[in-house]
Structures are given as C-alpha cells and as structure tokens.
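Below is one structure; the comments refer to it alone.
Residue numbers start at 1 and run along the sequence shown. Basis for what follows: all heavy atoms, side chains included, without hydrogens, waters or symmetry-related copies.
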Amino acid sequence: MAEDYKALIKGMMGKKRFIHSCNVADMCVKLAEINGEDVKKAYTAGILHDCRKEADADVQKREMLASGYKIDPAELDAKSTWHGIAAAYYVRNDLGIDDPDILNAIRYHTVGHAGMSRLEKIVYLGDLVSAERDFPDVEKYRAYAMKDLDDGMYRALKWTIGSLSGNDKKIPVCTVEAFNYYMDKRLKKKGE
C-alpha cells in the first residue's frame with residue numbers, strides 16, 4: 001500500500017514536492033520508531049500530507065469547504081493552509097482512508113492544535129524538519145523533535161508563531177492554543 005501511495009503522489013506534484021513528501025514520510029517513520037507509534041500510519045500520513053499542495057486553489061478551497069472540518073477565519077485567509085484540510089478531505093473521500101488519527105495528522109500538519117495525538121505531532125514535526133529543510137537552526141529543531149515530541153512542538157510552534165507574526169500574517173486560534181498547551185506542559189514538567 002505504501003508504494004501505491006508513493007506512486008500516486010508522484011503523479012500529483014512536481015519533483016521538489018515529491019522529494020519533500022518522501023522525506024517527510026521517512027522522518028515520520030523515524031519519529032514513530034523512537035516514540036512507539038504505528039510506523040505504517042506514520043508513513044501513510046507523512047507521504048500523503050501534501051497530496052493537495054499543488055492542486056489548483058479553487059480545488060483546494062472547494063475540498064476544504066466540503067471537508068466538514070472546523071476552519072478558522074485565519075486559515076480561510078491564508079491559502080498556504082488550505083492544502084492540509086483539502087488533503088484530509090481527499091484522503092478520506094478519494095482514497096477511502098477513514099482512520100481519524102491519520103486524517104487529523106494530515107489536516108493539522110501546518111497549524112497544529114492543543115492536545116495533538118502522538119501521530120499528529122510526528123507529522124507536524126516531520127514536515128518541519130524533513131531532510132531537505134535548510135532553514136537556520138533546522139538541526140536544532142531536528143534534535144528537539146527526536147528527543148521529545150512535546151518539547152519539539154513547543155519549540156516549533158514558538159518558531160512558527162514568531163515567523164508568522166514577524167511577517168504580518170494572521171495566526172489561527174488553534175495554533176495559539178497549541179502553543180499555550182505545549183508551553184503549559186513544558187512549565188509543568190520544569191516544575192516537577
């Protein structure tokens with residue numbers, strides 16, 4: 001099945017996005033192995049997470065609105081977030097995958113939310129630190145993700161919110177709630 005999904009997405013995207021998707025799937029498998037998560041589910045969510053990234057904006061918007069997911073107004077205003085919701089819709093409706101954990105991992109891989117499942121954190125972080133990523137300090141973020149998913153989420157969300165706000169971009173409520181959630185976990189852990 002995994003090779004089928006790999007072949008499917010190869011025809012849905014350009015070479016750069018395909019390489020990224022394969023790298024995300026590989027990183028998700030590594031994180032799943034470290035954290036005792038189902039490797040097949042991690043690979044599936046990772047390989048399919050961007051399957052609608054290169055679909056036309058009107059297709060993404062139509063699928064996003066038909067998805068049944070709650071959509072934050074900031075997500076509606078940011079076309080860069082549409083593909084996650086559209087991908088979850090496509091994976092459920094066109095590929096017949098009905099595992100809510102896989103679907104949520106795909107849906108929230110760009111914005112996060114409070115109380116994410118282990119698989120959701122794995123895909124969020126796997127997307128951020130996949131092998132081809134080369135932003136400043138990416139190696140530090142890879143190390144954070146490999147060591148502790150919750151700490152990795154706190155640091156990734158802090159970086160994401162700083163980047164968005166620094167570029168005058170709206171921040172979805174679920175992203176802020178995710179940051180607060182993982183900051184609280186961090187503070188509680190430090191207090192123990």
Output yes when a side-chain donor or acceptor of Ser163 lies under 3.5 Å from a complementary backbone atom of Thr160, and no otherwise. no
Within a strict 4.5 Å, meaning less than it, do heavy atoms of the Lys121 and Tyr182 side chains meet? yes
May I ask you to say whether Asp148 pairs ionically with Lys185, meaning some side-chain N is under 4.0 Å from a carboxylate O? no
State yes or no: do Val123 and Tyr43 share one hydrophobic cluster built from I, L, V, M, F, W and Y residues joined by side-chain heavy-atom distances below 4.5 Å, directly or via other members? yes
Taking the side chain as everything from C-beta on, heavy atoms only, tell me whether Asp184 gets closer than 4.5 Å to Tyr154. no
Met146 side chain near Ile34 side chain, heavy-atom distance below 4.5 Å: yes
By the ring pair (Phe, Tyr, Trp, His ring centres under 6.0 Å) test, which pairs, at least two apart or in different chains, include something from residues 47-75? His20-His49, His49-His109
Would you call Asp127 and Arg133 a salt bridge, using N to O less than 4.0 angstrom? yes
Shortest non-hydrogen contact from Ala74 toward Lys170: CB-CB, 3.8 Å
Electrostatic pair Arg17-Asp50, nearest N-O below 4.0 angstrom: yes
Expected output: side-chain Glu75 to main-chain Asp72 donor-acceptor under 3.5 Å: yes
Cationic N near anionic O, under 4.0 Å, Asp99 to Lys41: yes
Answer yes or no: is there an ion pair linking Lys30 with Asp26, defined by an N-O contact shorter than 4.0 Å? no
Ring centroid separation for Tyr108 and Tyr124, is it under 6.0 angstrom? no
Pairwise side-chain contact, Ile171 with Ser165, heavy-atom cut-off 4.5 Å (strictly under): yes
Let me check something: do Val91 and Ile47 share a hydrophobic cluster, defined by ILVMFWY side-chain heavy atoms less than 4.5 Å apart, either directly or through other members? yes
Are the side chains of Leu125 and Leu149 in contact, using a 4.5 Å heavy-atom criterion? yes
